[in-house]
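Here is the structure we will look at.
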Amino acid sequence: MKYAFFWWMLMLIGMSHSSATETKRPNFLFILVDDQSPFDLKCYNPESSLETPSIDSLARDGMVFDGAYHMGSYVGAVCSPSRHMIMSGRTVWHLPTAPLAMQKSLCPPNLEQQTIPAVFNRAGYATMRTCKQGNSYEAANKLFTVRHDATKRGGTPETGSPWHGDRVMEYLAERESSKDAKPFLIYFGFSHPHDERDGTPELLAKYGATNHTDKADSPPANPKQPRLPSNYLPAHPFPHGHPGLRDEVAVSGVWERRDERTIRNEVGRQFACSENIDIQIGRVLKKLEAMGELDNTYVVYTADHGMAIGRHGLQGKQNLYQHTWRVPFLVKGPGIQPGSRVDGNVYLLDVLATLCDLAGIAPPETNEGTSFKPILTGQKQTVRDVLYGVYSGGTKPGMRSVKKGDWKLIKVDAMNGSVRETQLFHLKDNPNEFVSEHHDEQVYSLTGAKPASHQVNLATDPKYADKLAEMESLLLTEMRRLNDPWRLWNQPNDGLTPPPEGPLSGQGKGKKKK
Ligand SMILES: [Ca+2]
């Protein structure tokens with residue numbers, strides 16, 4: 001009898017041990033690509049010719065967000081504030097590098113100690129990072145326990161995306177051989193598809209593209225190249241407000257060209273680089289599966305911001321149309337309904353709070369993001385109603401956007417007041433944000449996308465005057481709430497002294513790296 005009790009006790013101890021391992025904390029694989037429009041991907045644009053079987057599998061096995069945004073930028077290098085927001089969960093004007101933020105105590109000191117790697121290190125996670133170098137958040141990046149950063153934008157295994165893939169594969173192999181039992185957080189960043197978009201010869205050939213270097217001519221046409229984006233324009237309808245901006249004038253292979261051959265070749269290069277990223281993701285997912293870790297891992301796929309490449313006549317990331325303000329955002333993991341799709345209305349700055357929530361860690365007090373775990377578990381469709389965006393890296397105040405439901409307002413106040421533009425779009429009726437220039441036969445004969453007559457900027461239509469006023473009011477409310485240091489021409493100045501403008505950097509005009 002005594003022995004029976006002893007064995008019974010041993011069994012109980014064994015059971016409690018096995019249930020403890022069953023409820024072990026989840027791992028995280030956070031995948032961040034550099035410069036990618038959601039509309040490049042089939043899960044957002046079924047007409048896209050980009051093939052990404054691994055990303056498609058995340059969409060099939062997880063949740064696709066239609067409303068994921070980056071909050072914007074006050075510098076040409078949009079990557080930089082975006083990555084600060086991801087790491088810290090702070091809103092755009094409350095970042096350590098935002099104009100006046102430190103002087104006005106809008107950002108606490110030593111914020112890096114409250115960022116993803118710091119928080120997860122303290123919680124007992126193993127943290128590892130690979131990513132590009134530069135235009136990021138160095139003080140936070142260096143806190144990852146294992147770190148392999150280098151900018152890899154070439155077309156060989158050593159100079160391109162496979163290099164980042166190799167670092168994660170090595171890390172996982174080391175975990176395996178050392179039998180590391182800590183849960184992990186891997187920040188799996190890439191340097192592509194950011195320019196220069198030097199793809200591998202095989203993938204370039206697949207998308208009919210060449211690494212074009214002759215500034216005097218357009219690259220050759222090739223029927224394998226992706227089609228022009230449906231909202232392509234040969235020029236933006238008005239000056240976008242950042243003269244000399246590198247991305248709009250100096251990207252190798254594009255420069256100031258917006259002709260069909262140049263844009264289709266550059267989109268082909270973008271796709272070649274994106275498919276190579278997908279191959280690396282596939283390797284890592286397969287490895288996690290073989291290790292038995294995949295089912296307990298949240299896999300997040302996103303980009304630091306979107307990208308134009310010919311859409312609306314723009315080439316870069318410094319605008320607030322949906323192709324650039326929005327980001328792709330997919331999550332697969334425990335408890336997430338496979339094949340689900342939501343609006344979400346999330347910002348990249350919600351990532352920190354959400355990862356903490358999923359891991360059962362209290363978010364740091366400095367966090368301003370909102371956990372969207374209730375969306376991942378199917379309890380909610382959105383975490384907020386109103387979204388705000390800014391680009392003020394050029395002439396001031398620059399661009400602002402606000403979105404609520406299907407309505408979106410963009411305002412541009414730039415070039416010393418000589419550019420004052422208002423755009424009002426109903427995104428359900430006009431998802432491509434077509435403007436009157438898209439109705440030109442010369443344009444839609446190239447894209448094959450003839451807009452319907454109502455698919456225009458509605459800002460001057462008297463029928464929508466009340467809606468316009470409502471959206472203007474929402475924008476002002478958001479600018480005040482978020483401590484935007486500028487006001488637009490038709491807003492009260494609120495007694496603000498805007499930050500000194502300083503010389504325009506042109507975002508490293510003509511320089512190769514940024
Ligand atoms: Ca970027």
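Atoms within a ligand are numbered from 1 in the order they appear, just like the ligands themselves.
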NE2 (His305) to the Ca ion (ligand 1) to OD1 (Asp304) angle, given to the nearest 10 degrees: 80°
Qualifying salt bridge (Lys or Arg N to Asp or Glu O under 4.0 Å) pairs, either residue in residues 342-355, two or more places apart: Asp350-Arg384
Glu47, CD: over 12 other non-hydrogen atoms inside 6.0 angstrom: no
Could you check which N/O/S atom of Asp34 is closest to the Ca ion (ligand 1)? OD1
Between Thr297 and Val299 (side chain of the first, backbone of the second, donor and acceptor by atom type, cut-off under 3.5 Å), is there such a pair? no
For Lys411, check salt bridge (charged side-chain N to carboxylate O under 4.0 Å, His left out) against everything at least two apart and list the hits. Glu472
The atom name of the N, O or S atom in Asp35 nearest to the Ca ion (ligand 1) is OD1
